[in-house]
Every structure is written in C-alpha cells, then in structure tokens.
Amino acid sequence: MEEKQIEEILKHYSGKGTLPQEEIVEMLREIQETLGCIPDDVRERAAQAAQVKPSVVELIMKWYPSLKRAPYRHRILVCCGKSCGGRGIENYDWLKRELQVGNDGISADGTIKVETIHCLKQCKYGPNVMIDGKIHQAVTKEKLKKLITEIRGIA
Ligand code: FES
C-alpha cells in the first residue's frame, strides 16, 4: 500500500526535467507524510525522479530539519566547523555519550538524531547547535543538558 503511494508520488514529480529545490522539498514532504520518514533507498529514488545527484537531496535533507531519515522525533545538528572548533566537538562527544548514540546517529531510545555540520553561519556566537531547526548559541555542556531535558520533556 505504502509502496504504491510512494510510486505515485515519484511518478508525479518525474519527467519534468531537473526540479527546482522547492519542488524537491515538496516531494520529500509528501514521502515523509506517507512513511513517517525518508529512508535511504527512497531518497535515491527521489533524486532520480528530480533528475539531480543524490548529494543534492542529501544537502536538502540537512538544511530542512523537519525532513527525517528515520522516524526519530528530534534532530540535533552540532557545529564542528572551524570557528566552533574544539568546543563543538566536545559538545558532540558529550551528546553521543549522554544519549548513547549508535553508529546510525540515533539515540538509544530512538527519539533523537545527532549529526555534525561544518557551519551554521553564526560563527561569532559559537559553539552553536541546531535543535529541530532552532539555533542555540554559545552552547556549553550545562546548556546542552538543559536543552536535552526540555526536548525529552516534550518528546
Ligand atoms: S563554524 Fe560553527 S557556526 Fe560557523
């Protein structure tokens, strides 16, 4: 049933040449509404339908936090770029330990996805972290603890 719906969505967006970003996002949203997330194989098929490289879809997935690779509830992007530097990496390591993040980047309880990013374009306020699309600046471990408690409270 779901496969049929996915096929219909992909067919709808296929054959129009290279799709603009807004249409790719729209297609990915429709897929997510059907499956609850956008799994690896479906992202590849979406790239084919949109006539773009898979890396374009991956980039869009990174910049639209509401688009999910797996059915987790929250997504945390930790900036480990040049300006956020070592403190960003410390925050990332702390989160991985605290949430028992596996190789797939998902917390042991399956509710939080943790990823790194190389710049959130707010360099002078770092280290920065984006949680469900909202940027938090000058993030310390204490601040992270508080933020995690908050999202777990609404999980
Ligand atoms: S390096 Fe972290 S916001 Fe730019």
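Remember, predicted model here, so these are calculated numbers, not experimental data. Index from 1, following the sequence.
- Criterion: ILVMFWY side-chain heavy atoms under 4.5 Å apart, direct or through other members. Under it, L99 and I106 are not part of a common hydrophobic cluster.
- Side chain of K16 to backbone of A49: no donor-acceptor contact under 3.5 angstrom is found.
- Of the possible polar contacts, one joining the Q32 side chain to the S66 backbone as a donor-acceptor pair under 3.5 Å is found.
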Begin with the C-alpha distance, continue with both residues' side-chain angles, and end with the deciding distance and a verdict on salt bridge (charged side-chain N to carboxylate O under 4.0 Å, His left out) for E150 and K145. CA-CA 9 Å; E150 277 172 25; K145 262 184 212 167; over 6 Å; no

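- Linking ILVMFWY residues whenever their side-chain heavy atoms come closer than 4.5 Å, directly or via other members, places V42 and V56 in the same cluster.
- Salt bridge E58/R69: present, at least one basic N to carboxylate O contact under 4.0 Å.
- With Y13 as the partner, the side chain to side chain donor-acceptor pair (under 3.5 Å) test is satisfied by one option alone out of E26, E30, E23: E30.
- With hydrogens and angles ignored, the 3.5 Å screen pairs a side-chain donor or acceptor of D132 with a backbone N or O of R75.
- Residues L10 and L19 fall within the same hydrophobic cluster, defined by Ile, Leu, Val, Met, Phe, Trp and Tyr side chains chained together at heavy-atom separations under 4.5 Å.
- Two different hydrophobic clusters hold Y125 and L120 under the rule that ILVMFWY side chains link at heavy-atom gaps under 4.5 Å.
- Minimum interatomic distance between T111 and S107 (heavy atoms only, all atoms of both residues): N-OG, 3.3 Å.
- The one candidate from T116, N91, I148, L147 that meets the side chain to side chain contact (heavy atoms under 4.5 Å, CB included) condition with I76 is I148.
- Within a 6.0 Å sphere centred on NZ of K146, other residues, nucleotides and ligands contribute 12 heavy atoms or fewer.
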Any chance you could lay out the side chain to side chain contact (heavy atoms under 4.5 Å, CB included) test for I131 and K134, step after step, and finish with the verdict? CA-CA 5 Å; I131 301 180; K134 185 173 176 221; 5.7 Å; no

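- A donor and an acceptor atom, one from each side chain of Y92 and E115, are nowhere located under 3.5 Å apart.
- Counted by atom type alone, Q21 and Y64 present one or more donor-acceptor pairs between their side chains at under 3.5 Å.
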Going through the distances and angles, do L67 and I38 end up as a side chain to side chain contact (heavy atoms under 4.5 Å, CB included)? CA-CA 7 Å; L67 298 173; I38 310 156; 3.9 Å; yes

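- Nearest approach of R152 to I112, heavy atoms of both residues: NE-CD1, 4.3 Å.
- Side-chain atoms of K113 never come within 3.5 Å of backbone atoms of P71 as a donor-acceptor pair (strictly under, hydrogens ignored).
- Counting non-hydrogen atoms of other residues, nucleotides and ligands closer than 6.0 Å to NZ of K82 gives a total of 12 or fewer.
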Can you check side chain to side chain contact (heavy atoms under 4.5 Å, CB included) on L144 and T140, steps first, answer last? CA-CA 6 Å; L144 266 182; T140 57; over 6 Å; no

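- Counting heavy atoms from C-beta on, the side chains of W94 and V78 never come closer than 4.5 Å.
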Dump the intermediate steps for side chain to side chain contact (heavy atoms under 4.5 Å, CB included) on I135 and V129, then the final yes or no. CA-CA 6 Å; I135 293 186; V129 165; over 6 Å; no

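- With rounding to the nearest 0.5 Å, the separation of NZ in K68 from CG in L35 is 13.0 Å.
- Counting heavy atoms from C-beta on, the side chains of R45 and I6 come closer than 4.5 Å.
- Linking Ile, Leu, Val, Met, Phe, Trp and Tyr whenever their side-chain heavy atoms come within less than 4.5 Å leaves Y72 and I151 in two separate clusters.
- Distance SG/C84 to CD/E90: 12.5 Å, rounded to 0.5 Å.
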